[in-house]
Protein chains: 4
Amino acid sequence: MLPIGGNNLTHIMSKKIIRRESIIQAAIEVFSKKDFKTASISEIAQKAGIADGTIYQYFKSKEDLFFSIPIEKTNEFRSQLELHLEGISGAFNKIRKFVWYFLYFFKTNPDYGRILMLEMRVSKSFVKTETYGFLKQSVSQVMNIITEGQNEGVIRQDTDIYVLRHLILGILEHMVSRWLLKEEKYDLLEHHEEVSRILIDGLRAIPPNHLT
Amino acid sequence: MLPIGGNNLTHIMSKKIIRRESIIQAAIEVFSKKDFKTASISEIAQKAGIADGTIYQYFKSKEDLFFSIPIEKTNEFRSQLELHLEGISGAFNKIRKFVWYFLYFFKTNPDYGRILMLEMRVSKSFVKTETYGFLKQSVSQVMNIITEGQNEGVIRQDTDIYVLRHLILGILEHMVSRWLLKEEKYDLLEHHEEVSRILIDGLRAIPPNHLT
Amino acid sequence: MLPIGGNNLTHIMSKKIIRRESIIQAAIEVFSKKDFKTASISEIAQKAGIADGTIYQYFKSKEDLFFSIPIEKTNEFRSQLELHLEGISGAFNKIRKFVWYFLYFFKTNPDYGRILMLEMRVSKSFVKTETYGFLKQSVSQVMNIITEGQNEGVIRQDTDIYVLRHLILGILEHMVSRWLLKEEKYDLLEHHEEVSRILIDGLRAIPPNHLT
Amino acid sequence: MLPIGGNNLTHIMSKKIIRRESIIQAAIEVFSKKDFKTASISEIAQKAGIADGTIYQYFKSKEDLFFSIPIEKTNEFRSQLELHLEGISGAFNKIRKFVWYFLYFFKTNPDYGRILMLEMRVSKSFVKTETYGFLKQSVSQVMNIITEGQNEGVIRQDTDIYVLRHLILGILEHMVSRWLLKEEKYDLLEHHEEVSRILIDGLRAIPPNHLT
DNA sequence: AATGAATGAGAATTCATTCAT
DNA sequence: AATGAATGAATTCTCATTCAT
């Protein structure tokens, strides 16, 4: 027979975790439709099926709840990306996969995309958050791939590595943002191959004879 | 001597126009520091040196005022850009100039940049505005340059022209946004040549032998 | 004919002052029935016949409104007291009058009394207010009377003057407080002569032969 | 050996009493820092090392807990006072001792003083409490002393005995209140002799020749 | 045309109290 | 008996907008 106390504790813990996650899920739905100021705690509580006050047992404030959203989502992104990159060799192949996965992730998480791309990414207070630091780390894989490509000799070394990262992420974030603003009316993955191709040609070492 | 009536009318008209512009100028200052919800009509009125109620003689609502900001700024951007492209031949040279001018414009207009890049570009209601359509036109020059390059045979034709445009603007907007969020702590023009080079290599027709 | 502008301005000013006073009057009524925390801005606004928000055009906050109450009341107290002391000579006669007037003032201003005696006088944050300093000044007349009596040689000089002041005010405040807590069921002025007599005997110089 | 059941019961009983007292002790600490409304049950529970809900096993409500505070403290005051008066003869000597003990008690119990003097003494609902009646009894010793003095012929009989009591308690309560509001920055006992002297001179029968 | 006083809807947050475990 | 999660009522203050002057 298992000890009742331990069992009970576990049960309570998981109940708390489940509720916390259900609040975050409700928050994602609400914040993806209205901006931070416009969205209301009441609406989130209602969607989560709990009382307004209960939210404050799990989060210090509306802002705390808001900034808690990316944390689990980022973990999901990062761990899945790792799986997808598994077994792929060559920097360019990895970049192709990264481009695809980035777009795929937001295609399948448009609500979260709206929050991250159209709200947070653009908020000065978010940049000061620790969540932001956490998020930046999470795309550090891009940096690794670039470095790998430079070591392989296939990616140009005449350019600041941060500039290259900005290029890649800038393009991808822009694509996702436009797609969301256009209300997801087309397939976000549609052009992923073309985009990869151009990106890779831009990054490639030993560029072709300049004619211009 | 001109008829007094007409003179008077002109005088009144210009007074109205001048006041309208002074309101917009005040709005740019205020909206660049606070987001749409946080900024207050009162503060704008105070900065413009008029009464709160007076703003409603010139603009239907807070939103109307907000969305009126880009119009004159866009005209300025477009006309100046034309001057800068004057006399330059070759699609790649024009792209280099466009990249430079785009960054230069926001380097010298950071307040407007904050509003356009960190607020409007990301607002669903803005996308539905006629101002948005107007803004899109204003970067149509990029499209012309791309087409020109394709006709010259120097820009790849295997890729959707809209995708190419997104690439260019996505990178530039991303650069400006990051710079603004980092509180303009570095020189926005710092990397403009590297960025142009990579962009052009990515766009270039007859890409080099693929080794990957 | 008087200048319209001036007339108009005066008119507006007095309207603002009148409204301010009507808010304070409503606040006195409400705060005298409920303590600071329990009383609500809504109730005050309703009693003043205006919208909740209007109060915030006249007072920065609930606290600001609360602490604004004593200011005009204190002015009233002080100026009336001066009139009542006019023409009275002799420190003891003045003390008798002061005792009478103090009790009389709160007998005729019980609502204000409840606020001052049962709320403010007992609040640590009030002691830090400038209103508190203002209030202390307002009873400085007591000090003058005591000093006068000491110079006349009729009031004892073996005791700290502040102690004497505390004695007088302590007794009077206590009488008012008890009377208010007992819901004004008896006449506050009932014992004013006895109290004066005892007080004066306590203060008197050349005390009688101590037998104890 | 005593029967186990009885022992156990006693044990349980005392455990309940001890916990009740520890809650009251925690309440004194918390209520002395914040007023009734501002103090929270949560904070009291935390300070007592128990769960919020547990408090409601010992007290009906927050108010009930609040008003339970003075009961034991009053018993302490009364019994100690009796000891201090023991063996002292003469009404004036007793008054001197009473003044001293009153101030001494609050000097050594400032937390309770804050609650009694700055909160309860001023609360209309407290006056209706049975605790209030109990408290009033506890200072009935003053009445006894006054009567004693009148019988001895040393205390004036031309004045209502309740007025005399109010005088004494009013002065003492005022002294304690001021001292607490001034954050105990000086010695509360500093002036106790002067105060006694003046009080006694005020109360004394056959007052000196009135010159006024 | 300009003013600015008045409006009143709206929202985050706190906390005493309950009750299932 | 003890717990502490959940409740939901209650309140201050802000601010876009209106409208009488």
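If you're wondering where the values come from, they're calculated on a predicted model, not measured in any experiment.
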Quick one: does any side-chain atom of [X] pair with a main-chain N or O of [Y] as donor and acceptor, under 3.5 Å?
X      : Y       : answer
K73(A) : L116(A) : no
K47(D) : Q25(D)  : no
S68(D) : D64(D)  : yes

With a cut-off of 3.5 Å and sequence neighbours excluded, list every side-chain donor-acceptor pair involving residues 27-34 of chain C.
| residue | atom | partner | partner atom | Å |
| --- | --- | --- | --- | --- |
| S32(C) | OG | I28(C) | O | 3.4 |
| S32(C) | OG | E29(C) | O | 3.1 |
| S32(C) | OG | D111(C) | OD1 | 3.1 |
| K33(C) | NZ | E29(C) | O | 3.3 |
| K34(C) | NZ | E43(C) | OE1 | 3.2 |

Just N and O in the side chain of [X]: are any of them under 4.0 Å from OP1 or OP2 of [N]?
X      : N      : value
K15(C) : dA5(E) : no
Y58(B) : dA2(E) : yes
R19(C) : dA6(E) : yes

Separation of [Y] [atom2] from [X] [atom1] (nearest 0.5 Å):
X      : Y      : atom1 : atom2 : value
I55(D) : R19(D) : CD1   : CZ    : 10.5 Å
S22(A) : I50(A) : OG    : CD1   : 6.0 Å
D35(B) : D35(A) : CG    : CG    : 7.5 Å

- Message: Pairing donors with acceptors under 3.5 angstrom, does anything connect the side chains of S40(B) and S42(B)?
- Response: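 Side-chain D/A pair, S40(B) to S42(B): absent.
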
d([atom1], [X]; [atom2], [N]) in whole Å:
X      : N      : atom1 : atom2 : value
I50(B) : dA5(E) : CD1   : P     : 15 Å
I23(C) : dA5(E) : CD1   : P     : 12 Å
Q46(C) : dT7(E) : CD    : C1'   : 15 Å
I55(B) : dG4(E) : CD1   : P     : 13 Å

- Item | Closest nucleotide among dT7(E), dT3(F), dA5(F) to the A51(C) side chain |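 Selected nucleotide (nearest to the side chain): dT7(E).
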
- List the steps, then state whether side chain to side chain contact (heavy atoms under 4.5 Å, CB included) holds for M120(D) with F67(D). CA-CA 8 Å; M120(D) 288 196 180; F67(D) 288 148; 4.0 Å; yes

- Sugar-phosphate means primed atoms, P, OP1 and OP2; the rest is base. With that split, encode nucleotides 10-19 of chain E 5' to 3' as B, S or - using protein heavy atoms under 4.0 Å. --SBB-SBB-

- Task: Assign F59(C) to base, sugar-phosphate, or nothing according to its heavy-atom contacts below 4.0 angstrom with the strands shown.
- Result: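 No contact.
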
- Represent DNA chain E in dot-bracket notation, 5' to 3'. Only Watson-Crick or G-U wobble pairs with both distances under 3.5 Å count; pseudoknot-style crossings use [ ] and interstrand partners use |. .||||||||||||||||||||

